[in-house]
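Since the structure comes first, as structure tokens, the remarks are kept for the end.
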Amino acid sequence: MIPSTVDRLLKPLHRWVWLDPHRRGRKLLRFAETEADGGRDLSRAAELTADPLLRRLYLRHSQDEQRHAELFRVRARQVLENAKASTLEVNWLTPGERGLDDLRVDATGEDALLAFLHLSEKAAAGRFTLYQSVLGTDEGTREVFREILEDEAFHMSYTRSQLARIAPRKQGLRLWQARAGRLWKTYLRLATALASVLGTVVLRAQYFLILPIFALLARRAQRREAPGFAKARGSNLTSQY
Ligand SMILES: [Fe+2]
Ligand SMILES: [Fe+2]
């Protein structure tokens with residue numbers, strides 16, 4: 001599976017993201033959550049479908065995702081046990097399999113669901129291939145991705161062939177719609193990340209630039225008021241005694 005052009009351009013960044021073992025462990029834990037979540041969605045899809053073949057495929061897919069979740073969880077624990085603390089997390093740059101998407105199985109038609117799944121699996125396969133290549137000497141994590149990728153290739157191909165079976169005329173449209181939906185969610189995610197960064201920058205600028213100016217002005221005002229206050233106080237004292 002070939003990673004997307006954007007991912008290939010961002011490869012040095014991905015390498016940096018995966019370099020720190022603590023960050024790597026946390027990332028694997030989040031992947032475990034995403035895979036488990038995907039497994040639950042697929043088991044719900046199996047319950048809802050009226051198509052016996054799709055039911056079988058969804059169930060197998062769901063079991064695969066649960067197994068992936070366990071593989072990621074076990075590996076994350078191993079990595080974290082050996083890791084030292086590091087604080088910086090770059091979650092928005094490395095989403096998991098369906099990290100960019102919140103799937104609503106109940107509200108999605110069968111063909112739209114298959115198109116969505118196909119694109120998600122394709123994106124995941126591309127990402128996991130890239131992660132394999134930036135993991136340096138971490139052979140254990142690379143092996144986890146290698147094992148999972150075999151299943152992702154199957155998920156990618158069955159979702160595509162089943163979409164062609166149940167919606168032969170609308171398959172192109174459904175894929176286009178799913179792609180547009182993913183792009184929109186990517187944009188929202190990036191916009192949210194950017195807004196959060198800008199918010200932090202503005203708050204820090206206020207704290208370090210504007211607050212000292214107000215403090216200085218307050219001190220000057222206090223200095224200006226001080227002699228008058230002393231004078232007034234002095235005259236009061238004189239009149240009293
Ligand atoms: Fe998976
Ligand atoms: Fe998958």
Side-chain angles (χ1 to χ4, degrees), residues 3-38 72-73 76-77 79-104 107 120 123 127 130-131 134-136 138 141 179-241:
S4 71
T5 314
V6 175
D7 278 343
R8 268 178 287 149
L9 286 172
L10 290 174
K11 195 170 173 179
L13 187 59
H14 286 295
R15 198 186 300 281
W16 174 78
V17 167
W18 283 91
L19 194 65
D20 179 83
H22 186 262
R23 204 159 51 218
R24 199 183 317 149
R26 305 264 312 158
K27 202 157 280 302
L28 291 169
L29 274 181
R30 270 192 304 279
F31 283 0
E33 281 167 28
T34 311
E35 296 278 335
D37 200 32
F72 277 134
R73 207 171 291 128
R77 267 191 230 120
V79 170
L80 284 171
E81 267 169 28
N82 303 320
K84 289 178 182 155
S86 170
T87 48
L88 186 58
E89 302 282 328
V90 191
N91 301 333
W92 62 276
L93 285 171
T94 54
E97 184 166 339
R98 270 175 285 278
L100 287 176
D101 310 285
D102 190 14
L103 179 60
R104 295 215 310 262
S120 297
R127 276 289 166 100
L130 178 82
Y131 297 160
V134 297
L135 276 166
D138 187 348
T141 307
R179 212 164 276 132
R182 283 180 67 85
L183 273 175
W184 175 243
K185 279 168 187 163
T186 305
Y187 162 75
L188 287 180
R189 196 179 176 95
L190 287 173
T192 308
L194 189 66
S196 149
V197 170
L198 286 178
T200 309
V201 169
V202 169
L203 273 176
R204 292 212 173 149
Q206 281 180 354
Y207 186 78
F208 288 111
L209 297 172
I210 300 174
L211 213 65
I213 293 172
F214 276 107
L216 196 71
L217 288 174
R219 215 175 299 145
R220 272 192 192 170
Q222 195 184 21
R223 244 183 266 138
R224 264 202 305 272
E225 278 170 17
F229 178 71
K231 212 172 165 185
R233 209 176 159 200
S235 64
N236 279 347
L237 286 172
T238 315
S239 66
Q240 266 181 5
Y241 296 96

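Counting begins at 1 with the first residue of the sequence.
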Quiz item: Do Arg182 and Ser120 get their side chains close enough for a donor-acceptor pair, meaning under 3.5 Å?
Solution: yes
Quiz item: Can you list the steps and then say if Leu28 with Leu80 is a side-chain contact (heavy atoms from CB on, under 4.5 Å)?
Solution: CA-CA 10 Å; Leu28 291 169; Leu80 284 171; over 6 Å; no
Self-check item: Parallel, tilted or perpendicular: rings of Phe31 and Tyr131 (30°, 60°)
Solution: parallel
Self-check item: NE2-CZ distance between His14 and Arg127, expressed to the nearest 0.5 angstrom
Solution: 4.5 Å
Exercise. Drop me the distance from Leu9's CG to Lys11's NZ, to the nearest 0.5 angstrom.
Key: 11.5 Å
Quiz item: To the nearest 0.5 Å, what is the distance between NZ (Lys27) and OG1 (Thr34)?
Solution: 10.0 Å
Quiz item: Hey, are the side chains of Val17 and Val134 touching, using non-hydrogen atoms and a 4.5 Å cut-off?
Solution: no
Exercise. Can you see which heavy atom on Ala32 is nearest to which on Arg73, and at what distance?
Key: CB-N, 3.9 Å
Quiz prompt | Stacked cation flag Arg189 on Trp184, 6.0 angstrom / 45 deg | solution = no
Practice problem: Enter the distance from Leu216:CG to Ile213:CD1 here, rounded to the nearest 0.5 Å. | Solution: 8.5 Å
Self-check item: Separation of Arg26 CZ from Asp20 CG (nearest 0.5 Å)
Solution: 11.5 Å
Quiz prompt | Nearest non-hydrogen partners of Gly25 and Ala76, listed with the distance | solution = O-CB, 3.5 Å
Self-check item: Any Arg24 side-chain heavy atom under 4.5 Å of Leu135 side chain
Solution: yes
Exercise. Could you tell me the separation between the CD atom of Gln206 and the CG atom of Leu211, rounded to the nearest 0.5 Å?
Key: 9.0 Å
Quiz item: Just by modelled atom types, is the Trp18 backbone N or O under 3.5 Å from a matching donor or acceptor in the Arg23 side chain?
Solution: no
Quiz item: Would you say the side-chain atoms of Arg8 pair up with the backbone N or O of Pro3, donor to acceptor, closer than 3.5 Å?
Solution: yes
